Amino acid sequence: QQQVKQSPQSLIVQKGGISIINCAYENTAFDYFPWYQQFPGKGPALLIAIRPDVSEKKEGRFTISFNKSAKQFSLHIMDSQPGDSATYFCAASMVGYGGATNKLIFGTGTLLAVQP
Amino acid sequence: DTAVSQTPKYLVTQMGNDKSIKCEQNLGHDTMYWYKQDSKKFLKIMFSYNNKELIINETVPNRFSPKSPDKAHLNLHINSLELGDSAVYFCASSQEKRGIYEQYFGPGTRLTVT
């Protein structure tokens, strides 16, 4: 129940195309869903996050779509650029006070390659 | 200015040795974490400290001992290193904001045990 399943494992997209990465979870107590971007040799960097009270959140070219009933969420990268080539991780945690529930449960990662 | 920093960036050592990784954050955050990223890039939490108090310990072997001298520092000491400890270790920090803890990661320490 603590797992977050992520697909695809790898993705190749042409420059200007749309990259879509999907995640699914089981634990209905999860209520905070961030996406992280990781470049080789670097730490994960927070990209965008969503709470279940909205179905979509957009920041620039990055959009999270959230389907609470299906327990699924996805990251869409519009107008994908070669500089977007990185590994993307979805994650989930439980919002709470006191900190004991705020550990991030990560998906397995998607290696995105945007071809010029 | 680096928000979350770790030293060293690379650590190569032999089995059975004891080593430490240091982490410092200058964000003023109250909570710090250690994550382990294995060779398949899977990220898993190991520990979390809030104001120098341990709040999460994910059944990590007791060869791993985190130490938080103050809320800006969380060091990781590993005794009797094993081959399976080879991984990239990330420190992170966060501050509670309306119940959400946005976590910011350091650059990682690649540990290789030979």
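Only a predicted model underlies this, so the values are computations on that prediction, with no experimental measurement involved.
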* Step by step, would you call A:L104 with B:Y35 a side chain to side chain contact (heavy atoms under 4.5 Å, CB included)? -> CA-CA 10 Å; A:L104 287 172; B:Y35 285 83; 3.5 Å; yes
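The environment of B:K9 atom NZ is dense: over 12 non-hydrogen atoms of other residues, nucleotides or ligands sit within 6.0 angstrom. Within a 6.0 Å radius of NZ in A:K42, other residues, nucleotides and ligands contribute 12 heavy atoms or fewer. Within 6.0 Å of CD in B:Q14 there are 12 or fewer heavy atoms belonging to other residues, nucleotides or ligands.
Looking only at side-chain heavy atoms (C-beta outward), B:Y33 and A:K103 stay at 4.5 Å or farther from each other. The side-chain heavy atoms of A:Y36 and B:L43, taken from C-beta on, include no pair separated by under 4.5 Å. Inter-residue side-chain proximity for A:Q38 and B:F90 is flagged as met; some heavy-atom pair is nearer than 4.5 Å. Proximity of B:E102 to A:Y32: side-chain heavy atoms (C-beta onward) are separated by under 4.5 Å at one or more points.
Contact of B:K44 with chain A is not made at all, since no heavy-atom distance falls under 4.5 Å. Heavy atoms of A:P34 lying under 4.5 Å from chain B are absent altogether.
When A:P44, A:G109, A:A45 are compared by the number of non-hydrogen pairs under 4.5 Å with chain B, A:P44 comes out ahead. Taking chain A as the reference chain and counting heavy-atom pairs below 4.5 Å, the highest number among B:K40, B:E58, B:R110 is found for B:E58.
Cluster membership for A:L112 and A:F73, using ILVMFWY side-chain heavy atoms within less than 4.5 angstrom, is shared. A chain of hydrophobic side-chain contacts below 4.5 Å, direct or via other Ile, Leu, Val, Met, Phe, Trp or Tyr residues, connects B:F64 to B:V113. If you chain together hydrophobic residues whose side chains sit under 4.5 Å apart, A:F62 and A:W35 fall into the same group. Under the 4.5 Å side-chain contact rule for hydrophobic residues, B:V60 and B:L11 share a cluster.
Side-chain contact check for A:T87 and B:K41: at least one donor-acceptor pair (N or O, by modelled atom type) lies under 3.5 Å.
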